[in-house]
Amino acid sequence: MKHYGIGLLFAVFCAISAFAGEPVPRLRVGSSSGIFGPVGNWTYETFAEAKKAGIDAVEISASKLFLDKEMTDESRIEARCRQLKRDLKRAGIEIWSVHMPFGKEIDLSQTDEAIRRKSVELHRRLLRFCRILSPRIVLFHPSWYLGHGERDERIACLVRSAGELLPDVRRIGAEMVVENMLGHELVRDENYERPLGRTVEEVLHIMSLLPREVNAAVDTNHIDNPELLIRALGTRVKTIHVSDGDGRNECHDLPWQGRGDNDWAAVLKALYEDARYRGVFMYEVKKAEFSELKDCYDKMYEQYVRSVR
């Protein structure tokens, strides 16, 4: 009944908006912290410039902020987190999400219990720093590359790890999400299969096993026709990574400026109408000017509005 009520209100809102000739609201624009360059460049002046160009939110890379080889002292890391939060707040930019680290030895799906436990404990340690930043979302990769024939066992280990970390994420007032991964072909080479979460079907299977409080992040660079994944996940989409892709390579291009072939009107339609998404339009691009991000979203939005009129 609760979900029905929310859906009914959303339908009424859309009907009123359409009748009045008003489009659905524009999303706030954000960017992953990579666009700011090395951590040493993450200054108030840089953030103020980004805010002036229309960037309202940021996703912080935990690897860059917490795992710098030259920053092993926890008190220094805590001080850097507090300074970062002050600078962003002063600039008027929200810390929307933190992207947790990943790799061969940082893998929540590992069947080697020693590596899995080490990965869980590392994430717990980093979540203590995340508390200082107060993100709304904490994003996890489901796995690194897999050995052949391991998928079912790896999924079971991921579900176990997520269940162990969920209380820690909720304790800092954040929401836990798991991202889909690139994998148009199952096999990478003679040693590895692609990571977990490589298809719509596999993402839905994983989500069905995870605690209901764990939701999804959709990376539009990791899958062909990302609107299909958004549509399938619906309201479990709690954040997104926006960049153009071809479903086969880690392009991370700004839409319409590289190798990508996403249908952005279809992506926005799925976000607005199927996922009822009102979060941040979070870019994860390799290179762009701050002003290009807002301009690009505005063009997508206008294209979407034209497509539904």
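The shown structure was predicted, so the numbers you read here are calculated from the model rather than taken from an experiment. Along the sequence shown, the residues carry numbers beginning at 1.
- Between Phe66 and Phe129, the angle of the ring planes lies from 30° to 60°, which puts this pair in the tilted group.
- Between Asp56 and the options Arg28, Lys51, Lys294, a salt bridge (charged side-chain N to carboxylate O under 4.0 Å, His left out) holds for only Lys51.
- Applying the 6.0 Å contact sphere to CD of Gln303 captures more than 12 heavy atoms from other residues, nucleotides or ligands.
- With sequence neighbours left out, the side-chain hydrogen bond (donor to acceptor under 3.5 Å, both in side chains) criterion links Asp168 to Arg124, Arg171.
- Formation of a donor-acceptor pair under 3.5 Å by the Asn225 side chain with backbone atoms of Glu227 is not found in this model.
- Salt bridge absent: Lys118 and Glu105 never bring a charged side-chain N and a carboxylate O closer than 4.0 Å.
- In this structure, OG in Ser32 is found 11.0 Å from CG in Leu139, a value given to the nearest 0.5 Å.
- Contact record, Asn221 with Leu182: O-CD1, 4.0 Å, taken as the closest heavy-atom pair.
- Checked against a 6.0 Å centroid threshold, the rings of Phe140 and His123 count as neighbours.
- The two atoms that bring Val308 and Glu273 nearest to each other are CG1-OE2, 3.7 Å, heavy atoms only.
- Ion pairing between Glu121 and Arg117 holds under the 4.0 Å rule for side-chain N and carboxylate O.
- Sorted by first then second residue, the ring pair (Phe, Tyr, Trp, His ring centres under 6.0 Å) pairs that include residues 174-199, not counting sequence neighbours, are Trp144-Tyr192.
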Q | Check against salt bridge (Lys or Arg N to Asp or Glu O under 4.0 Å), Lys299 and Asp295 | A | CA-CA 6 Å; Lys299 290 175 184 176; Asp295 290 346; over 6 Å; no

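- Using a cutoff of 4.0 Å between basic side-chain nitrogens and carboxylate oxygens, Arg188 and Glu193 are not scored as salt-bridged.
- For Asp152, the CG atom counts as loosely surrounded, since its 6.0 Å shell holds 12 or fewer non-hydrogen atoms of other residues, nucleotides or ligands.
- Residues Ser109 and Leu146 form a side-chain contact, since some pair of their non-hydrogen atoms from C-beta on lies under 4.5 Å apart.
- Ring planes of Phe36 and Trp42: perpendicular class, angle over 60° (limits at 30 and 60°).
- Salt bridge status for Arg231 with Asp274: present, with a side-chain N to carboxylate O gap under 4.0 Å.
- Atom-to-atom distance recorded for Cys157:SG and Ile115:CD1 is 11.0 Å, nearest 0.5 angstrom.
- For the residue pair Ala62 and Met100, the shortest heavy atom distance occurs at CB-CA, 4.0 Å.
- Heavy-atom minimum distance, Gly245 versus Asn262: N-ND2, 3.7 Å.
- Salt-bridge check for Arg116 with Glu113: passed, with a basic side-chain N closer than 4.0 Å to an acidic carboxylate O.
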Q. Does the side-chain hydrogen bond (donor to acceptor under 3.5 Å, both in side chains) test come out yes or no for His141 and Glu179, once each step is laid out?
A. CA-CA 6 Å; His141 274 207; Glu179 181 181 1; 3.1 Å; yes

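- Side-chain polar atoms of Asn215 and Glu175 form a donor-acceptor pair below 3.5 angstrom.
- With hydrogens and angles ignored, the 3.5 Å screen pairs a side-chain donor or acceptor of Arg151 with a backbone N or O of Pro195.
- Distance alone, capped at 3.5 Å, is enough to place a donor-acceptor pair between the Arg198 side chain and the Gly183 backbone.
- Contacts classified as ring pair (Phe, Tyr, Trp, His ring centres under 6.0 Å) and involving residues 193-224 (residues at least two apart or in different chains) are not found.
- For Asp224 and Arg248, the salt-bridge test passes: some basic side-chain N is under 4.0 Å from an acidic carboxylate O.
- Glu150 and Arg154 are joined by a salt bridge, as a carboxylate oxygen and a charged side-chain nitrogen come within less than 4.0 angstrom of each other.
- The heavy-atom pair separating Phe290 from Ile55 by the smallest distance is CD2-CD1, 3.8 Å.
- Side chains of Gln83 and Arg86: a donor-acceptor N/O pair is present below 3.5 angstrom, by distance only.
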Return a table of donor-acceptor pairs under 3.5 angstrom between the side chains of residues 130-138 and protein atoms on other chains or two or more places apart.
residue, atom, partner, partner atom, Å
Ser134, OG, Lys85, NZ, 2.9
Ser134, OG, Arg131, O, 3.4
Arg136, NE, Glu94, OE2, 2.6

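- Listed by first and then second residue, the side chain to side chain donor-acceptor pair (under 3.5 Å) pairs involving residues 280-290 are His241-Glu284 (not counting sequence neighbours).
- The line from CZ of Arg90 to CD of Glu45 is 7.0 Å long, rounded to the nearest 0.5 Å.
- Here the side chain of Thr46 pairs a donor or acceptor atom with the backbone of Asn41 at under 3.5 angstrom.
- From Thr220, atom OG1 reaches atom CD1 of Ile230 across 7.5 Å, with rounding to the nearest 0.5 Å.
- The distance from atom CG of Leu65 to atom CG of Leu126, rounded to the nearest 0.5 Å, is 9.5 Å.
- In this structure Glu302 satisfies the side-chain hydrogen bond (donor to acceptor under 3.5 Å, both in side chains) test with no other residue, sequence neighbours excluded.
- In summary, the aromatic rings of Tyr272 and Tyr304 are positioned with their centroids under 6.0 Å apart.
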